Q: 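Got a structure for you, questions after.
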Amino acid sequence: MQSVATDALSKYLAAGYTQAEAEELLAFDAEVDREFDEGLNAALADAYMQRDMDADLDELATLDALDHKTAHARKRSKKYQRQYYEANKDQIAEYQRHYREANKDQIAEYQRHYREANKDQIAEQRRHYREANKDQIALRNKDPERAEKRRAYLREYMRVYRRRKKEAAAHI
């Protein structure tokens with residue numbers, strides 16, 4: 001985690017920020033990430049629990065439809081898969097990190113392409129989410145401290161965006 005912060009610090013410094021500005025941006029980025037993670041965890045906990053319950057019910061229905069020997073083999077296979085994952089989860093996580101780092105440009109391009117191709121569906125899902133959770137969103141938006149942090153983040157984001165756009169135009 002420290003190397004990620006060091007990398008981000010060096011990128012801010014390379015972009016022309018002073019040491020103090022870069023450290024302030026890093027602190028703000030960490031705070032935004034923490035707030036996002038807390039919000040995401042709270043918002044998705046129910047969805048994950050429901051998904052897990054649905055998967056368990058689907059698995060039980062599937063096992064009920066199978067004969068005893070096949071069902072037993074399937075349970076044993078899942079048990080071994082779980083044991084393998086638990087024994088090797090650090091190696092698996094390292095491989096996934098390495099893969100994402102090595103392919104981040106391709107992944108980003110795929111995500112851009114997907115968002116462009118499905119922008120109407122994504123917009124509809126967002127509208128549906130906002131409508132379903134409008135009370136929680138309203139409470140969250142009424143917090144003046146949160147609103148000021150968001151405005152500050154957006155101001156900084158736009159400042160960085162404009163600077164990068166100018167730099168890109170200068171290199172063309």
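If you're wondering where the values come from, they're calculated on a predicted model, not measured in any experiment. Note: hydrogens, waters and symmetry copies are ignored here, and every other heavy atom, side chains too, is used.
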Q: Can you sort out the partners of Lys166 under side-chain contact (heavy atoms from CB on, under 4.5 Å), two or more places apart, ordered by chain and number?
A: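 Lys166 satisfies side-chain contact (heavy atoms from CB on, under 4.5 Å) with no other residue.
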Q: Between atom NZ of Lys89 and atom CD of Glu94, what is the distance when rounded to the nearest 0.5 Å?
A: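 It comes to 15.5 Å.
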Q: For Glu124 and Arg127, what are the C-alpha separation, side-chain angles and deciding distance, and is it a salt bridge (charged side-chain N to carboxylate O under 4.0 Å, His left out)?
A: CA-CA 5 Å; Glu124 180 60 33; Arg127 277 192 294 277; 3.0 Å; yes
Q: With heavy-atom distances below 4.5 Å as the criterion, would you say the side chains of Lys165 and Tyr161 are in contact?
A: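 Yes, side chains in contact.
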Q: Just wondering, do Glu156 and Val160 contact through their side chains at under 4.5 Å, heavy atoms?
A: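 A side-chain contact under 4.5 Å exists here.
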Q: Hey, is CZ on Arg126 packed in by over 12 heavy atoms from elsewhere, all under 6.0 Å?
A: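 Incorrect, the count does not exceed 12.
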Q: Considering only heavy atoms from C-beta outward, does the side chain of Tyr84 approach that of Ile92 to under 4.5 Å?
A: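 The answer is yes, as the side chains (C-beta and beyond) meet within the 4.5 Å cut-off.
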Q: Are there over 12 heavy-atom neighbours, none belonging to Gln125, within less than 6.0 Å of that residue's CD?
A: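 Yes, enclosed.
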Q: In sequence, state the C-alpha distance, the side-chain angles, and the governing distance for Glu86 and Arg82, and then conclude on side-chain contact (heavy atoms from CB on, under 4.5 Å).
A: CA-CA 6 Å; Glu86 286 301 318; Arg82 250 189 325 275; 5.6 Å; no
Q: If you draw a 6.0 Å radius around CD in Glu24, do more than 12 non-hydrogen atoms from other residues or ligands fall strictly inside?
A: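 12 or below, so no.
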Q: Are more than 12 heavy atoms, taken from residues, nucleotides or ligands other than Arg163, located less than 6.0 Å from that residue's CZ atom?
A: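 Count over threshold, so yes.
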Q: Could you check whether any side-chain heavy atom of His128 comes within less than 4.5 Å of a side-chain heavy atom of Glu131, counting everything from C-beta outward?
A: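 Of all side-chain heavy-atom pairs linking Glu131 with His128, none is under 4.5 Å.
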Q: Looking at Glu145, I want to see if its CD is surrounded by more than 12 non-hydrogen atoms of other residues, nucleotides or ligands under 6.0 Å.
A: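 Not buried by this count: 12 neighbours or fewer within 6.0 Å.
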Q: For Gln106 and Asn103, which heavy atoms make the closest approach, and how far apart are they?
A: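 Looking at all heavy atoms of both residues, the shortest contact is OE1-OD1, 2.6 Å.
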Q: With Arg151, which residues qualify under salt bridge (charged side-chain N to carboxylate O under 4.0 Å, His left out), at least two apart?
A: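 Salt bridge (charged side-chain N to carboxylate O under 4.0 Å, His left out) check on Arg151 returns Glu148.
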Q: Are Met158 and Tyr153 in one and the same hydrophobic cluster, where Ile, Leu, Val, Met, Phe, Trp and Tyr link if side-chain heavy atoms are under 4.5 Å apart?
A: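 Yes, it is one cluster - the side chains of Met158 and Tyr153 are joined through contacts under 4.5 Å.
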